[in-house]
Visitor: 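Just passing along the structure, written as structure tokens.
Since the model is a prediction, treat every value here as computed from it, not as a measurement. Both counts, for ligands and for their atoms, begin at 1 and track the order of listing.
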Amino acid sequence: MDPVKPGPLATTEESSAVERDTLTLIDNRTGKKYEVRISQGTIRALDLRQIKLDQDDFGLMSYDPAFTNTVSCKSRITFIDGDRGILRYRGYPIEELAEKSTYLETAYLILYGELPTRQQLEDWTYRVSHHTFIHESIKKFLDGFHYDAHPMGMLISTIAALSAFYPEAKDVFNADSRRKQIWRLIGKMPTVAAFAYRHSLGMPYVYPDNELSYTGNFLNMLFRMTELRYRPNPTVERALEVLFILHADHEQNCSANTMRNVGSSHADPYSATAAACAALYGPLHGGANEEVLRMLMEIGSLGRVPEYIKRVKAGEKKLMGFGHRVYKNYDPRAKIIKHIADEVFEVTGRNPLREIALECERIALQEDYFVSRKLYPNVDFYTGLIYQSMGFPVTMFPVLFAIARTAGWVAQWEEMLLDPEQKIARPRQVYCGHEQRSYIPIQQRGL
Ligand code: ACO
């Protein structure tokens, strides 16, 4: 993918031969014609700026609230074709990675662009697993939260607090420092998450066990009781591994965009990751899996599904876990997750909410409301059920998402920092407020 050269924009009076990969625009206000270069299916927004009414005019801009049709970067990390339901990391289909890879190997791939050699994987695993411990003062920091604090709130603030523990992380253009912060972030996320969980139960923290896999160690820190050595259930450990692979990156979504935005001011990666976690927390993004479970509990029985769907169609409710900004087809991750759910339920026993979820999906996929809007189950529709069966409380669901997504966030962050075309992110606005007016003293403003 070659960088797009800044597109020369010329009025057609200036350029005689009209190039093929261009767009001709006519400004009906002035009658002038412009030619804008098209590259990789985009035009440069800045090329529009030369379309002016007169010399004093600022120039034309594009208006795109929520960035529904704006490309903010060039990326080589994740490819999505929402219409065809395709998701690939660095060219590798998600289905193959979910079947054959591990989370740490996938994280390496996402970050460095290639699958690691055996030696590279060994080094990478060693580095990440040797950065899983957190400073003892972080434990005290966690102790300051109430027992009923939402673990996502604890995670966001604790990750932000890490920036105060690693001041060298500010040196974002130092490759060695960046590498180290990446090991730390991927290594420490499960520890902070598990400690937040244990804190909410009033239970002693369990320290990392470097002999276990990434997800095995996480389960150990969450669930170990009096055993001398925690042995994770292999089905649950592998299922969590696959769920983490599926959530590892998803190109320019709300939280990745936040990571890039905050990182574009050259803030340290802990602050940027905390901001990305905050973006993920919302119910329209990573908080959706929590909302799906709450919705299924609210529905409560198979017989009440049609009534709920009726309320969704009336605009009173949302069918959480359905719909996606990019996928206008079945989310490929949801297909894999449905399969894992059955494997996990064999170990943990059936989750009674599963039948309600299946019924919601069955009815929704037949209803014109959902079909015409291309609303299909997304990644979150079934993950909550699996997490619940694994023993996680609902409030931990977005935390699990955040752990997995850290690989994607740091990859997006580093790609942004090293991209010579990127600058501090700074959108424009259309000002619709008052014209200039004079200050009114308070005595003259009425009651
Ligand atoms: N239930 C009911 N109606 C829906 C849903 C839903 N889950 N999702 C979209 N719609 C409707 C909208 O009301 C709208 O209808 P209208 O045209 O009559 O106004 C139409 O479908 C298009 O929806 P938009 O809001 O324009 O779609 P957008 O791309 O902005 O939103 C989003 C995508 C936020 C994911 C949305 O589908 C949603 O809120 N889903 C539920 C929350 C959820 O599951 N989020 C997880 C997303 S995956 C992730 O972040 C990991």
Visitor: Check each protein residue for a heavy atom under 4.0 Å from ligand 1 and list those that pass, ordered by chain and number.
Guide: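 Its neighbours under 4.0 Å (heavy atoms only) are Leu284, His285, Ala288, Val312, Lys318, Leu319, Met320, Gly321, Phe322, Gly323, His324, Arg325, Tyr369, Arg373, Leu375, Asn378, Val379, Asp380, Phe401, given by chain and number.
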
Visitor: Donor-acceptor pair, distance only, cut-off 3.5 Å: does the side chain of Asn351 make one with the backbone of Gly349?
Guide: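 Not at all, since once roles are kept as given, no pair shorter than 3.5 Å links the two residues.
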
Visitor: Show the atom names and distances, to 0.1 Å, of all donor-acceptor pairs under 3.5 Å that link a side chain in residues 295-303 to residues at least two apart or in another chain.
Guide:
{"residue": "Glu298", "atom": "OE2", "partner": "Lys317", "partner atom": "NZ", "Å": "3.3"}

Visitor: Measure the shortest side-chain to side-chain distance between Leu246 and Thr383 over non-hydrogen atoms and say whether it is less than 4.5 angstrom.
Guide: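 No, every pair of side-chain atoms sits at 4.5 Å or beyond.
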
Visitor: Measure up the Tyr207 and Phe195 rings against each other and bin them: parallel (under 30°), tilted (30 to 60°), perpendicular (over 60°).
Guide: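 Tyr207 vs Phe195 ring planes: perpendicular.
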
Visitor: Any side-chain donor paired with an acceptor under 3.5 Å for Asp171 and Ser177?
Guide: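 No, no side-chain donor-acceptor contact under 3.5 Å.
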
Visitor: Classify the angle between the aromatic ring planes of Tyr387 and His247 as parallel (below 30°), tilted (30 to 60°) or perpendicular (above 60°).
Guide: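 Aromatic pair Tyr387/His247 classed tilted.
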
